[in-house]
Amino acid sequence: QVQVVESGGGLVQPGGSLRLSCAASGSFFSMYTIGWYRQAPGKRRESVATISSTGTTTYAAAVKGRFSIFRDNAKNTVYLQMNSLKPEDTAVYYCNAEGRWWGQGTQISVSS
């Protein structure tokens, strides 16, 4: 069983930045594809960004150019750097490891 824990959420003004962290347990972290997802109230959960074991990244069209995903395997952690945040980025952000293990989520609210 892999434990996944997100952190770094909070309230930010439009145009601001936040960095989310996703820490996962286990010895095989470097082999996992890690994904960030989000779910806004009344909407389905959607993929935001993913990073493979080789560092290949993908981004949703809505966040491309504003968000950046990167990993530090020595710390068993993947980060999501979010810049130029918009009110529509408001959601609970979840981390997923290898398509199997989910974290509990962290709330991001973008509002003035």
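Count residues from 1 along the sequence.
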Inset, instruction - Go through the steps for S7 and T106 under the test side chain to side chain contact (heavy atoms under 4.5 Å, CB included), then give the verdict. - result: CA-CA 6 Å; S7 60; T106 185; over 6 Å; no
Legend entry - K86 and R66, any side-chain heavy atoms less than 4.5 Å apart: yes
Legend entry - Distance-only donor-acceptor check, side chains S52 and T54, under 3.5 Å: yes
Inset, instruction - Sort out for me which residue in N83, I108, V110, L80 forms a side chain to side chain contact (heavy atoms under 4.5 Å, CB included) with L18. - result: I108
Legend entry - Over all atoms of both residues, closest heavy-atom pair of S53 and T33: N-OG1, 4.3 Å
Inset, instruction - Give a yes or no on whether V5 and Y32 share a hydrophobic cluster (residues Ile, Leu, Val, Met, Phe, Trp, Tyr; joining criterion: side-chain heavy atoms under 4.5 Å apart). - result: no
Inset, instruction - Tell me whether V12 is reachable from V63 by hopping between hydrophobic residues (I, L, V, M, F, W, Y) whose side-chain heavy atoms are closer than 4.5 Å. - result: yes
Inset, instruction - Kindly confirm or rule out a cation-pi arrangement of R71 over F29, judged by NZ or CZ under 6.0 Å from the six-membered ring centre and within 45° of its axis? - result: yes
Legend entry - Heavy-atom closest pair, residues N76 and G26: ND2-O, 3.0 Å
Inset, instruction - State, with a plain yes or no, whether a side-chain heavy atom of Q104 is found less than 4.5 Å away from one of E6. - result: yes
Legend entry - CZ/F28: more than 12 non-hydrogen atoms of other groups inside 6.0 Å: no
Legend entry - Smallest separation among heavy atoms of I34 and C95, with atom names: CG2-SG, 3.6 Å
Inset, instruction - Apply the test side chain to side chain contact (heavy atoms under 4.5 Å, CB included) to residues S17 and M82: give CA-CA distance (whole Å), side-chain angles for both, the deciding distance (0.1 Å), then the verdict. - result: CA-CA 5 Å; S17 297; M82 306 185 294; over 6 Å; no
Inset, instruction - Examine the side chains of R38 and Y93 and answer whether a donor and an acceptor come within less than 3.5 Å of each other. - result: yes
Legend entry - V4 reachable from Y94 in the ILVMFWY side-chain graph, under 4.5 Å edges: no
Legend entry - Approximate separation, where rounding is to 0.5 Å, of S112 OG and L11 CG: 9.5 Å
Inset, instruction - Tell me yes or no: between the side chains of T58 and T50, is some donor less than 3.5 Å from an acceptor? - result: yes
Legend entry - Minimum-distance pair of heavy atoms, taken over all atoms of Q107 and A91: NE2-O, 3.4 Å
Inset, instruction - Please assess S47 against Y59 for the test side chain to side chain contact (heavy atoms under 4.5 Å, CB included), listing each intermediate value before the final yes or no. - result: CA-CA 8 Å; S47 176; Y59 295 94; over 6 Å; no
Inset, instruction - For residues L20 and W36, determine if any side-chain heavy atom of one lies less than 4.5 Å from a side-chain heavy atom of the other. - result: yes
Inset, instruction - Decide whether V2 and V78 are clustered together by the hydrophobic rule: side chain heavy atoms of Ile, Leu, Val, Met, Phe, Trp, Tyr closer than 4.5 Å, transitively. - result: yes
Inset, instruction - Flag the pair W101 / N96 as yes when at least one side-chain heavy-atom distance between them is below 4.5 Å, and no otherwise. - result: no
Inset, instruction - Examine Y37 and I69 and state if one hydrophobic cluster contains both, with Ile, Leu, Val, Met, Phe, Trp and Tyr joined whenever side-chain heavy atoms are less than 4.5 Å apart. - result: no
Inset, instruction - Would you mind reporting whether L85 and P14 have side-chain heavy atoms less than 4.5 Å apart? - result: no
Legend entry - CA sep, side-chain torsions, deciding dist, call: F70, Q81, side chain to side chain contact (heavy atoms under 4.5 Å, CB included): CA-CA 8 Å; F70 55 100; Q81 178 66 41; 4.1 Å; yes
